[in-house]
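Lettering of chains follows the sequences in order, A, B, ..., and the numbering in each one begins at 1. For clarity, every value in this text was computed on a predicted model and none was experimentally measured.
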Amino acid sequence: MDSAEFHAAVYETVRLIPVLKVTSYGHIAKLIGMPNHSRHVGQALKFLTPDTNPPVPWHRVVSSSGAISSRGPGTAGARLQGDALEAEGVEVTVTAAGERRVNFAVCGWFPEPGTV
DNA sequence: CGCCTGACTGTTG
DNA sequence: CCAACAGCCAGGC
């Protein structure tokens, strides 16, 4: 699988995430058969732009702990992701440190590979 | 070929 | 809950 196929696989999988559900980078990696490529899932997602077509609901992908990883300077990206999730009706918790996280117990989506 | 980086993860104390 | 560590691997230099 080359880089382009990897990206495509990640995008396809992310589009499978139901509304009001979120999952983790690591799980996306497992679903596409590459359990050790969690970092590259993030790399594939950052390659996306608001104009990407068809659209990919990347905001439904967070770290394994449910926290939204801050990328780049400040919390701009994480804030936008949190807003996008809230806009869809997902419960987003904001800690005292301003860190955004989602409640996996309520909206976690972790199907076993092969069952999707 | 080696070294560093990163939208990561799991274990340990 | 948080910090430190140790794996992980493609991509840029």
Side-chain angles (χ1 to χ4, degrees):
Chain A
M1 175 182 288
D2 62 21
S3 165
E5 290 177 286
F6 178 77
H7 285 169
V10 170
Y11 301 158
E12 286 174 31
T13 304
V14 172
R15 290 197 198 96
L16 295 178
I17 305 174
V19 177
L20 298 183
K21 293 292 178 181
V22 297
T23 192
S24 70
Y25 299 97
H27 202 78
I28 294 293
K30 286 181 185 176
L31 291 177
I32 64 178
M34 302 181 92
N36 322 343
H37 293 53
S38 51
R39 303 177 114 108
H40 303 95
V41 172
Q43 189 175 0
L45 294 186
K46 78 177 178 185
F47 181 75
L48 295 170
T49 70
D51 309 314
T52 305
N53 195 291
V56 177
W58 58 272
H59 49 273
R60 295 184 191 142
V61 185
V62 299
S63 66
S64 65
S65 59
I68 297 177
S69 306
S70 55
R71 64 209 73 135
T75 57
R79 184 179 60 75
L80 290 175
Q81 182 170 359
D83 287 350
L85 288 173
E86 288 188 321
E88 294 188 337
V90 174
E91 178 183 352
V92 178
T93 302
V94 181
T95 68
E99 178 186 61
R100 285 174 159 68
R101 28 178 54 205
V102 296
N103 189 337
F104 276 164
V106 175
C107 49
W109 184 73
F110 301 97
E112 289 304 312
T115 66
V116 189

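- The side chain of A:His40 has B:dG6 as its nearest neighbour among B:dA7, B:dG6, B:dT9.
- A:Met1 places its CE atom 14 Å from the C1' atom of C:dA10, with the value rounded to the nearest Å.
- Contact check, A:Ser3 against C:dG11: a side-chain N or O comes under 4.0 Å of OP1 or OP2.
- Side-chain N or O atoms of A:Thr93 include none that pairs as donor or acceptor with a backbone N or O of A:Val102 at under 3.5 Å.
- Residue A:Arg39 places no side-chain atom within donor-acceptor reach of the base of C:dC9, judged by atom type and a 3.5 Å distance cut-off alone.
- Between B:dA7 and C:dC13, the two C1' atoms lie 22 Å apart (nearest whole Å).
- At least one donor-acceptor pair closer than 3.5 Å links the side chain of A:Arg15 to the backbone N or O of A:Pro55.
- Note on A:Ser69: only backbone sugar-phosphate atoms sit closer than 4.0 angstrom, heavy atoms only; bases stay farther off.
- If you take CD on A:Gln81 and CZ on A:Arg100, they are separated by 10.0 Å, rounding to the nearest 0.5 Å.
- Distance A:Lys46 NZ to B:dG6 P: 8 Å, rounded to the nearest Å.
- To the nearest angstrom, C1' of B:dA7 lies 13 Å from NE2 of A:His7.
- Distance CG (A:Asn36) to C1' (B:dG6): 16 Å, rounded to an integer number of Å.
- Remark: side-chain polar atoms of A:Tyr11 are paired, donor with acceptor, to backbone N or O of A:Ala44 under 3.5 angstrom.
- The separation between A:Tyr25 atom OH and C:dC9 atom C1' is 17 Å, rounded to whole Å.
- One atom, CH2 of A:Trp58, and another, P of B:dC8, lie 13 Å apart when rounded to the nearest Å.
- To the nearest angstrom, C1' of B:dA7 lies 7 Å from CG of A:Leu45.
- Regarding A:Phe6, its CZ atom lies at a distance of 14 Å from the P atom of B:dA7, rounded to whole Å.
- Side-chain contact annotation: A:Glu88 with A:His59, donor-acceptor N/O pair under 3.5 Å present.
- Comparing B:dC1 with C:dG12, their C1' atoms are spaced 14 Å from each other, to the whole Å.
- Here A:His37 lies in heavy-atom contact (under 4.0 Å) with sugar-phosphate atoms only.
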